[in-house]
Protein chains: 2
Amino acid sequence: MLAAREEAIIQNVNRLLAEKGFDAMTVDEVAAAVGIAKASLYKHFPSKEDLAAAAMVRVMRRAQQFLASVDPALPMLDKLKSAVRWTLQVRLAGQMPSLPSQNSSLRAALMSSRDYRDALTGIGEQLGEWIEAGQREGAVDPKLPSAAVLYTLYARACDPVVEFLKAAGQHTDEQIVDLVLSTCFDGLSAR
Amino acid sequence: MLAAREEAIIQNVNRLLAEKGFDAMTVDEVAAAVGIAKASLYKHFPSKEDLAAAAMVRVMRRAQQFLASVDPALPMLDKLKSAVRWTLQVRLAGQMPSLPSQNSSLRAALMSSRDYRDALTGIGEQLGEWIEAGQREGAVDPKLPSAAVLYTLYARACDPVVEFLKAAGQHTDEQIVDLVLSTCFDGLSAR
DNA sequence: GTCTATATTGAGATAGAC
DNA sequence: GTCTATCTCAATATAGAC
(Lines give C-alpha, C1' and ligand atoms only; values in the text may rest on other atoms or scores of the structure.)
Protein backbone atom coordinates (compact mmCIF):
# COMPACT_ATOMS: atom_id res chain seq x y z
CA MET A 1 0.00 0.00 0.00
CA LEU A 2 2.69 2.42 1.02
CA ALA A 3 4.80 1.55 -1.95
CA ALA A 4 1.81 1.91 -4.24
CA ARG A 5 1.04 5.35 -2.90
CA GLU A 6 4.61 6.45 -3.29
CA GLU A 7 4.60 5.14 -6.82
CA ALA A 8 1.49 7.22 -7.52
CA ILE A 9 3.22 10.27 -6.08
CA ILE A 10 6.35 9.79 -8.15
CA GLN A 11 4.33 9.22 -11.27
CA ASN A 12 2.52 12.52 -10.81
CA VAL A 13 5.70 14.36 -9.94
CA ASN A 14 7.27 12.96 -13.06
CA ARG A 15 4.43 14.19 -15.23
CA LEU A 16 4.32 17.63 -13.62
CA LEU A 17 8.08 18.04 -13.89
CA ALA A 18 7.83 17.20 -17.56
CA GLU A 19 4.99 19.67 -18.07
CA LYS A 20 6.17 22.65 -16.07
CA GLY A 21 9.66 22.09 -14.77
CA PHE A 22 10.88 22.12 -11.20
CA ASP A 23 10.39 25.76 -10.29
CA ALA A 24 6.89 26.05 -11.70
CA MET A 25 5.72 22.81 -10.12
CA THR A 26 4.20 23.37 -6.67
CA VAL A 27 3.83 20.86 -3.87
CA ASP A 28 0.16 21.81 -3.63
CA GLU A 29 -0.31 20.71 -7.21
CA VAL A 30 1.37 17.41 -6.56
CA ALA A 31 -0.81 16.74 -3.53
CA ALA A 32 -3.94 17.68 -5.47
CA ALA A 33 -2.95 15.46 -8.39
CA VAL A 34 -2.35 12.49 -6.12
CA GLY A 35 -5.52 13.23 -4.18
CA ILE A 36 -4.01 13.54 -0.72
CA ALA A 37 -3.28 16.41 1.64
CA LYS A 38 0.00 18.22 1.37
CA ALA A 39 0.95 17.24 4.90
CA SER A 40 0.57 13.60 3.95
CA LEU A 41 2.91 14.12 1.05
CA TYR A 42 5.53 15.40 3.44
CA LYS A 43 5.27 12.16 5.43
CA HIS A 44 6.53 10.35 2.35
CA PHE A 45 9.07 12.84 1.03
CA PRO A 46 10.75 15.38 3.28
CA SER A 47 11.12 18.14 0.69
CA LYS A 48 10.28 19.23 -2.82
CA GLU A 49 13.84 18.46 -3.82
CA ASP A 50 13.41 14.88 -2.68
CA LEU A 51 10.32 14.59 -4.82
CA ALA A 52 12.32 15.67 -7.83
CA ALA A 53 15.13 13.31 -6.95
CA ALA A 54 12.73 10.38 -6.71
CA ALA A 55 11.28 11.21 -10.12
CA MET A 56 14.73 11.44 -11.63
CA VAL A 57 15.81 8.14 -10.09
CA ARG A 58 12.71 6.50 -11.49
CA VAL A 59 13.36 7.61 -15.05
CA MET A 60 17.07 6.88 -14.79
CA ARG A 61 16.37 3.35 -13.59
CA ARG A 62 14.14 2.89 -16.60
CA ALA A 63 16.92 4.18 -18.78
CA GLN A 64 19.27 1.62 -17.26
CA GLN A 65 16.75 -1.12 -17.91
CA PHE A 66 16.50 0.00 -21.50
CA LEU A 67 20.26 0.07 -21.93
CA ALA A 68 20.46 -3.45 -20.51
CA SER A 69 17.90 -4.61 -23.05
CA VAL A 70 19.76 -3.32 -26.09
CA ASP A 71 20.92 -6.11 -28.41
CA PRO A 72 24.63 -6.61 -27.62
CA ALA A 73 25.26 -7.68 -31.21
CA LEU A 74 24.40 -4.26 -32.60
CA PRO A 75 27.16 -1.96 -33.82
CA MET A 76 28.15 0.52 -31.14
CA LEU A 77 26.80 3.45 -33.09
CA ASP A 78 23.39 1.83 -33.28
CA LYS A 79 23.42 1.17 -29.57
CA LEU A 80 24.13 4.82 -28.88
CA LYS A 81 21.48 5.92 -31.33
CA SER A 82 18.91 3.67 -29.74
CA ALA A 83 19.72 5.19 -26.36
CA VAL A 84 19.16 8.70 -27.67
CA ARG A 85 16.03 7.55 -29.46
CA TRP A 86 14.66 6.17 -26.21
CA THR A 87 15.31 9.48 -24.46
CA LEU A 88 13.61 11.47 -27.18
CA GLN A 89 10.61 9.20 -27.17
CA VAL A 90 10.23 9.59 -23.43
CA ARG A 91 10.41 13.34 -23.84
CA LEU A 92 7.86 13.45 -26.62
CA ALA A 93 5.58 11.30 -24.50
CA GLY A 94 5.72 14.05 -21.88
CA GLN A 95 7.45 11.82 -19.37
CA MET A 96 10.91 13.27 -19.06
CA PRO A 97 11.23 15.37 -15.89
CA SER A 98 12.89 18.67 -16.60
CA LEU A 99 15.11 20.24 -13.99
CA PRO A 100 16.83 23.62 -14.05
CA SER A 101 20.45 23.24 -15.07
CA GLN A 102 21.59 25.63 -12.35
CA ASN A 103 19.89 25.25 -8.97
CA SER A 104 22.18 24.68 -6.08
CA SER A 105 19.66 23.42 -3.53
CA LEU A 106 18.33 20.95 -6.05
CA ARG A 107 21.72 19.83 -7.25
CA ALA A 108 22.80 19.33 -3.67
CA ALA A 109 19.75 17.22 -2.94
CA LEU A 110 20.27 15.14 -6.06
CA MET A 111 23.91 14.55 -5.39
CA SER A 112 23.25 13.61 -1.77
CA SER A 113 20.96 10.83 -2.95
CA ARG A 114 22.79 7.55 -3.21
CA ASP A 115 20.22 6.16 -5.62
CA TYR A 116 20.62 9.15 -7.91
CA ARG A 117 24.40 8.98 -7.97
CA ASP A 118 24.35 5.25 -8.57
CA ALA A 119 21.91 5.53 -11.46
CA LEU A 120 23.88 8.38 -12.99
CA THR A 121 27.21 6.58 -12.84
CA GLY A 122 25.63 3.36 -14.03
CA ILE A 123 24.30 5.05 -17.14
CA GLY A 124 27.55 6.92 -17.66
CA GLU A 125 29.60 3.73 -17.46
CA GLN A 126 27.43 1.84 -19.89
CA LEU A 127 27.38 4.66 -22.43
CA GLY A 128 31.07 5.30 -21.86
CA GLU A 129 31.89 1.72 -22.79
CA TRP A 130 29.87 1.94 -25.97
CA ILE A 131 31.40 5.28 -26.88
CA GLU A 132 34.96 4.10 -26.48
CA ALA A 133 34.28 0.83 -28.24
CA GLY A 134 32.68 2.85 -31.02
CA GLN A 135 35.76 4.99 -31.28
CA ARG A 136 38.04 1.94 -31.43
CA GLU A 137 35.99 0.46 -34.23
CA GLY A 138 36.07 3.80 -36.07
CA ALA A 139 32.35 4.50 -35.98
CA VAL A 140 32.43 7.30 -33.41
CA ASP A 141 34.65 10.28 -34.15
CA PRO A 142 37.94 9.41 -32.41
CA LYS A 143 39.01 13.06 -32.26
CA LEU A 144 36.34 13.77 -29.62
CA PRO A 145 37.08 13.11 -25.95
CA SER A 146 34.71 10.38 -24.83
CA ALA A 147 33.42 12.62 -22.06
CA ALA A 148 32.41 15.24 -24.63
CA VAL A 149 30.47 12.59 -26.52
CA LEU A 150 28.81 11.44 -23.31
CA TYR A 151 27.76 14.98 -22.37
CA THR A 152 26.44 15.55 -25.87
CA LEU A 153 24.26 12.47 -25.56
CA TYR A 154 23.08 13.47 -22.08
CA ALA A 155 22.14 16.89 -23.40
CA ARG A 156 19.59 15.39 -25.79
CA ALA A 157 17.46 14.76 -22.71
CA CYS A 158 16.79 18.49 -22.45
CA ASP A 159 17.38 19.76 -25.97
CA PRO A 160 14.93 22.60 -26.64
CA VAL A 161 14.93 21.69 -30.33
CA VAL A 162 12.41 18.99 -29.50
CA GLU A 163 9.92 21.53 -28.18
CA PHE A 164 10.64 23.98 -30.98
CA LEU A 165 9.89 21.36 -33.60
CA LYS A 166 6.86 20.13 -31.69
CA ALA A 167 5.53 23.69 -31.39
CA ALA A 168 6.11 24.33 -35.09
CA GLY A 169 3.65 21.54 -35.76
CA GLN A 170 5.19 20.58 -39.08
CA HIS A 171 6.42 17.15 -38.07
CA THR A 172 5.25 13.95 -36.46
CA ASP A 173 6.93 12.74 -33.31
CA GLU A 174 8.79 10.11 -35.31
CA GLN A 175 10.10 12.72 -37.70
CA ILE A 176 11.25 14.86 -34.80
CA VAL A 177 13.14 11.92 -33.34
CA ASP A 178 14.79 11.24 -36.68
CA LEU A 179 15.72 14.89 -37.19
CA VAL A 180 17.34 15.21 -33.79
CA LEU A 181 19.13 11.89 -34.23
CA SER A 182 20.40 13.03 -37.60
CA THR A 183 21.73 16.37 -36.37
CA CYS A 184 23.24 14.71 -33.31
CA PHE A 185 25.14 11.95 -35.06
CA ASP A 186 25.63 13.29 -38.58
CA GLY A 187 25.82 17.03 -37.89
CA LEU A 188 24.45 19.94 -39.87
CA SER A 189 27.04 19.86 -42.65
CA ALA A 190 26.32 17.76 -45.69
CA ARG A 191 28.16 14.44 -45.78
CA MET B 1 21.99 60.10 -17.38
CA LEU B 2 18.81 58.07 -17.47
CA ALA B 3 20.04 56.04 -20.38
CA ALA B 4 23.35 55.44 -18.63
CA ARG B 5 21.60 54.19 -15.51
CA GLU B 6 19.39 51.89 -17.50
CA GLU B 7 22.44 50.59 -19.32
CA ALA B 8 24.03 49.83 -15.94
CA ILE B 9 20.89 48.01 -14.85
CA ILE B 10 20.71 45.92 -18.00
CA GLN B 11 24.38 45.08 -17.76
CA ASN B 12 23.94 43.76 -14.23
CA VAL B 13 20.78 41.88 -15.13
CA ASN B 14 22.63 40.32 -18.02
CA ARG B 15 25.43 39.14 -15.78
CA LEU B 16 23.10 37.83 -13.09
CA LEU B 17 20.95 36.02 -15.62
CA ALA B 18 24.06 34.37 -16.97
CA GLU B 19 25.22 33.38 -13.49
CA LYS B 20 22.02 32.17 -11.91
CA GLY B 21 19.20 32.12 -14.43
CA PHE B 22 15.88 33.90 -14.31
CA ASP B 23 14.23 32.13 -11.40
CA ALA B 24 17.20 32.29 -9.08
CA MET B 25 17.90 35.94 -9.83
CA THR B 26 16.09 38.26 -7.43
CA VAL B 27 15.14 41.89 -8.01
CA ASP B 28 16.77 42.72 -4.67
CA GLU B 29 20.05 41.40 -6.01
CA VAL B 30 19.78 43.47 -9.13
CA ALA B 31 19.09 46.62 -7.15
CA ALA B 32 22.01 45.88 -4.82
CA ALA B 33 24.35 45.22 -7.73
CA VAL B 34 23.41 48.47 -9.44
CA GLY B 35 23.60 50.31 -6.13
CA ILE B 36 20.09 51.72 -6.06
CA ALA B 37 16.93 50.94 -4.13
CA LYS B 38 14.54 48.36 -5.44
CA ALA B 39 11.76 50.93 -5.77
CA SER B 40 14.00 52.99 -8.05
CA LEU B 41 14.53 49.97 -10.22
CA TYR B 42 10.79 49.65 -10.66
CA LYS B 43 10.67 53.24 -11.97
CA HIS B 44 12.80 52.07 -14.88
CA PHE B 45 11.36 48.62 -15.51
CA PRO B 46 7.82 47.67 -14.50
CA SER B 47 8.53 44.00 -13.74
CA LYS B 48 11.18 41.36 -13.40
CA GLU B 49 10.09 39.96 -16.74
CA ASP B 50 10.78 43.30 -18.37
CA LEU B 51 14.26 43.27 -16.92
CA ALA B 52 14.90 39.91 -18.51
CA ALA B 53 13.44 41.08 -21.80
CA ALA B 54 15.73 44.11 -21.84
CA ALA B 55 18.76 41.93 -21.21
CA MET B 56 17.75 39.57 -23.98
CA VAL B 57 17.16 42.41 -26.41
CA ARG B 58 20.59 43.77 -25.60
CA VAL B 59 22.40 40.53 -26.34
CA MET B 60 20.30 39.86 -29.41
CA ARG B 61 21.09 43.29 -30.82
CA ARG B 62 24.76 42.51 -30.33
CA ALA B 63 24.23 39.25 -32.12
CA GLN B 64 22.66 41.11 -35.02
CA GLN B 65 25.60 43.48 -35.11
CA PHE B 66 27.94 40.54 -35.20
CA LEU B 67 26.02 38.87 -38.00
CA ALA B 68 26.11 42.10 -40.00
CA SER B 69 29.88 42.21 -39.58
CA VAL B 70 30.54 38.74 -40.93
CA ASP B 71 32.52 38.76 -44.18
CA PRO B 72 29.94 38.26 -46.96
CA ALA B 73 32.53 36.49 -49.08
CA LEU B 74 32.82 33.58 -46.67
CA PRO B 75 31.25 30.23 -47.55
CA MET B 76 27.82 29.89 -45.93
CA LEU B 77 28.99 27.12 -43.65
CA ASP B 78 31.74 29.34 -42.28
CA LYS B 79 29.27 32.15 -41.69
CA LEU B 80 27.05 29.81 -39.71
CA LYS B 81 29.99 28.47 -37.76
CA SER B 82 31.16 31.94 -36.89
CA ALA B 83 27.69 32.75 -35.58
CA VAL B 84 27.72 29.72 -33.30
CA ARG B 85 31.28 30.50 -32.27
CA TRP B 86 30.24 34.01 -31.26
CA THR B 87 27.41 32.61 -29.15
CA LEU B 88 29.66 30.12 -27.41
CA GLN B 89 32.25 32.78 -26.68
CA VAL B 90 29.63 35.03 -25.14
CA ARG B 91 28.48 32.12 -23.00
CA LEU B 92 31.95 31.19 -21.85
CA ALA B 93 32.55 34.84 -20.99
CA GLY B 94 29.58 34.56 -18.62
CA GLN B 95 27.54 37.06 -20.59
CA MET B 96 24.76 35.02 -22.09
CA PRO B 97 21.53 35.46 -20.13
CA SER B 98 19.86 32.12 -19.44
CA LEU B 99 16.10 31.89 -19.33
CA PRO B 100 13.93 28.90 -18.44
CA SER B 101 12.66 27.19 -21.58
CA GLN B 102 9.16 26.86 -20.10
CA ASN B 103 7.85 29.88 -18.20
CA SER B 104 4.59 31.25 -19.44
CA SER B 105 4.70 34.64 -17.72
CA LEU B 106 8.19 35.22 -19.01
CA ARG B 107 7.45 34.03 -22.51
CA ALA B 108 4.40 36.24 -22.60
CA ALA B 109 6.42 39.26 -21.52
CA LEU B 110 9.12 38.52 -24.09
CA MET B 111 6.70 38.03 -26.91
CA SER B 112 4.79 41.19 -26.03
CA SER B 113 7.98 43.21 -26.45
CA ARG B 114 8.25 44.64 -29.93
CA ASP B 115 12.01 45.00 -29.60
CA TYR B 116 12.38 41.36 -28.66
CA ARG B 117 10.26 40.07 -31.49
CA ASP B 118 12.06 42.28 -33.99
CA ALA B 119 15.48 41.15 -32.84
CA LEU B 120 14.42 37.52 -32.89
CA THR B 121 12.99 37.64 -36.39
CA GLY B 122 15.94 39.67 -37.61
CA ILE B 123 18.37 37.03 -36.43
CA GLY B 124 16.14 34.26 -37.74
CA GLU B 125 15.94 35.82 -41.18
CA GLN B 126 19.67 36.37 -41.49
CA LEU B 127 20.52 32.85 -40.36
CA GLY B 128 17.70 31.43 -42.46
CA GLU B 129 19.18 33.01 -45.59
CA TRP B 130 22.56 31.57 -44.85
CA ILE B 131 21.14 28.16 -44.09
CA GLU B 132 19.15 27.93 -47.30
CA ALA B 133 22.00 29.30 -49.38
CA GLY B 134 24.23 26.74 -47.69
CA GLN B 135 21.84 24.00 -48.64
CA ARG B 136 21.69 25.17 -52.25
CA GLU B 137 25.44 25.14 -52.49
CA GLY B 138 25.52 21.67 -50.93
CA ALA B 139 27.41 22.58 -47.78
CA VAL B 140 24.51 22.27 -45.35
CA ASP B 141 22.66 18.97 -45.25
CA PRO B 142 19.77 19.48 -47.70
CA LYS B 143 17.73 16.69 -46.11
CA LEU B 144 17.14 18.83 -43.00
CA PRO B 145 14.29 21.35 -42.95
CA SER B 146 15.88 24.78 -42.67
CA ALA B 147 13.83 25.48 -39.53
CA ALA B 148 15.34 22.42 -37.86
CA VAL B 149 18.81 23.72 -38.66
CA LEU B 150 17.88 27.14 -37.31
CA TYR B 151 16.56 25.69 -34.04
CA THR B 152 19.66 23.56 -33.69
CA LEU B 153 21.83 26.66 -34.01
CA TYR B 154 19.66 28.60 -31.55
CA ALA B 155 19.95 25.75 -29.06
CA ARG B 156 23.72 26.18 -28.83
CA ALA B 157 22.98 29.35 -26.84
CA CYS B 158 21.84 27.19 -23.92
CA ASP B 159 23.58 23.87 -24.52
CA PRO B 160 24.50 22.38 -21.15
CA VAL B 161 27.49 20.65 -22.73
CA VAL B 162 29.36 23.93 -22.39
CA GLU B 163 28.95 23.94 -18.62
CA PHE B 164 29.67 20.23 -18.35
CA LEU B 165 32.96 20.62 -20.20
CA LYS B 166 33.80 23.76 -18.26
CA ALA B 167 33.11 22.00 -14.96
CA ALA B 168 35.20 19.00 -15.99
CA GLY B 169 38.16 21.38 -16.17
CA GLN B 170 39.99 19.37 -18.82
CA HIS B 171 39.76 21.91 -21.60
CA THR B 172 40.42 25.55 -22.34
CA ASP B 173 37.57 27.77 -23.46
CA GLU B 174 38.88 27.64 -27.01
CA GLN B 175 38.89 23.87 -26.97
CA ILE B 176 35.34 23.81 -25.64
CA VAL B 177 34.22 26.08 -28.47
CA ASP B 178 35.91 23.83 -31.02
CA LEU B 179 34.42 20.68 -29.51
CA VAL B 180 30.88 22.02 -29.54
CA LEU B 181 31.32 23.38 -33.06
CA SER B 182 32.61 20.01 -34.17
CA THR B 183 29.73 18.01 -32.69
CA CYS B 184 27.22 20.56 -33.97
CA PHE B 185 28.36 20.66 -37.59
CA ASP B 186 30.11 17.33 -38.05
CA GLY B 187 28.16 15.13 -35.63
CA LEU B 188 29.36 12.39 -33.32
CA SER B 189 29.86 9.75 -36.04
CA ALA B 190 33.24 9.52 -37.68
CA ARG B 191 33.42 11.07 -41.14
C1' DG C 1 -0.66 8.21 7.69
C1' DT C 2 -4.27 11.20 6.88
C1' DC C 3 -6.45 15.35 7.65
C1' DT C 4 -7.36 20.78 8.67
C1' DA C 5 -5.34 24.70 9.94
C1' DT C 6 -1.38 27.48 10.56
C1' DA C 7 3.32 29.03 10.66
C1' DT C 8 7.10 31.11 8.01
C1' DT C 9 9.47 33.22 4.71
C1' DG C 10 11.25 34.72 0.40
C1' DA C 11 10.48 37.80 -3.09
C1' DG C 12 7.75 40.71 -6.39
C1' DA C 13 5.70 44.94 -6.16
C1' DT C 14 3.94 49.51 -4.10
C1' DA C 15 3.05 53.82 -0.92
C1' DG C 16 4.32 58.02 0.07
C1' DA C 17 7.81 61.35 1.69
C1' DC C 18 11.57 64.09 -0.22
C1' DG D 1 13.84 59.51 -9.57
C1' DT D 2 15.45 58.22 -5.30
C1' DC D 3 14.73 56.57 -0.88
C1' DT D 4 12.69 53.80 3.45
C1' DA D 5 9.19 51.16 4.88
C1' DT D 6 5.51 48.27 3.87
C1' DC D 7 2.23 45.37 1.47
C1' DT D 8 0.87 41.09 -0.58
C1' DC D 9 0.92 36.72 -1.66
C1' DA D 10 2.38 32.43 -3.16
C1' DA D 11 4.56 28.45 -1.75
C1' DT D 12 7.43 25.48 1.35
C1' DA D 13 6.92 23.38 5.39
C1' DT D 14 4.84 22.06 10.14
C1' DA D 15 1.61 21.45 14.33
C1' DG D 16 -1.46 18.74 16.29
C1' DA D 17 -5.90 16.22 16.33
C1' DC D 18 -7.77 11.73 14.82
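Residue numbers begin at 1 in each chain, while the letters A, B, ... track the order of the sequences.
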What pairs of donor and acceptor atoms, side-chain ones from residues 117-126 of chain A against any protein atom, are under 3.5 angstrom apart with sequence neighbours left out?
{"unit_1": "A:Arg117", "atom_1": "NH1", "unit_2": "A:Met111", "atom_2": "O", "d": "2.7"}
{"unit_1": "A:Asp118", "atom_1": "OD1", "unit_2": "A:Arg114", "atom_2": "NE", "d": "3.3"}
{"unit_1": "A:Asp118", "atom_1": "OD2", "unit_2": "A:Arg114", "atom_2": "NE", "d": "3.4"}
{"unit_1": "A:Thr121", "atom_1": "OG1", "unit_2": "A:Arg117", "atom_2": "O", "d": "3.2"}
{"unit_1": "A:Thr121", "atom_1": "OG1", "unit_2": "A:Asp118", "atom_2": "O", "d": "3.1"}

- Once each nucleotide of nucleotides 13-18 of chain D is scored for protein heavy atoms under 4.0 Å, what B/S/- sequence comes out, 5' to 3'? BBB---

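- Across the protein-nucleic acid pair, B:His44 atom NE2 and D:dG1 atom C1' stand 7 Å apart, rounded to whole Å.
- B:Ser40 comes within contact range of at least one nucleobase, with a heavy-atom separation under 4.0 Å.
- Counting any heavy atom pair closer than 4.0 Å across all strands shown, A:Met25 reaches sugar-phosphate atoms only and no base atom.
- Among the nucleotides D:dT2, C:dG1, C:dC3, the one closest to any side-chain atom of A:Leu2 is C:dG1.
- Taking atom CD of residue B:Glu29 and atom C1' of nucleotide C:dA11, one finds them 11 Å apart after rounding to whole Å.
- Among residues at least two apart or in separate chains, ring-ring contact (aromatic ring centres under 6.0 Å, His included) pairs with a member in residues 71-92 of chain A are A:Phe66-A:Trp86.
- The closest side-chain heavy-atom distance from A:Thr152 to A:Arg156 is below 4.5 Å.
- Considering only residues two or more places apart in sequence or on other chains, B:Glu29 meets the salt bridge (Lys or Arg N to Asp or Glu O under 4.0 Å) condition with B:Lys20.
- We find that CG of A:Leu51 is positioned 14 Å from C1' of D:dA11, with the value rounded to whole Å.
- Other residues, nucleotides and ligands place no more than 12 heavy atoms under 6.0 Å from the CD atom of A:Glu174.
- Within 6.0 Å of CD on A:Glu7 lie more than 12 heavy atoms contributed by other residues, nucleotides or ligands.
- For the residue pair B:Ser101/A:Glu163, the side-chain donor-acceptor check at 3.5 Å is not satisfied.
- B:Met1 has its CE atom 16 Å from the C1' atom of D:dT2, to the nearest Å.
- Residues of residues 4-23 of chain B that place a heavy atom closer than 4.0 Å to DNA chain C do not occur.
- Evaluation of the salt bridge (Lys or Arg N to Asp or Glu O under 4.0 Å) rule for B:Asp50 yields no partner, not counting sequence neighbours.
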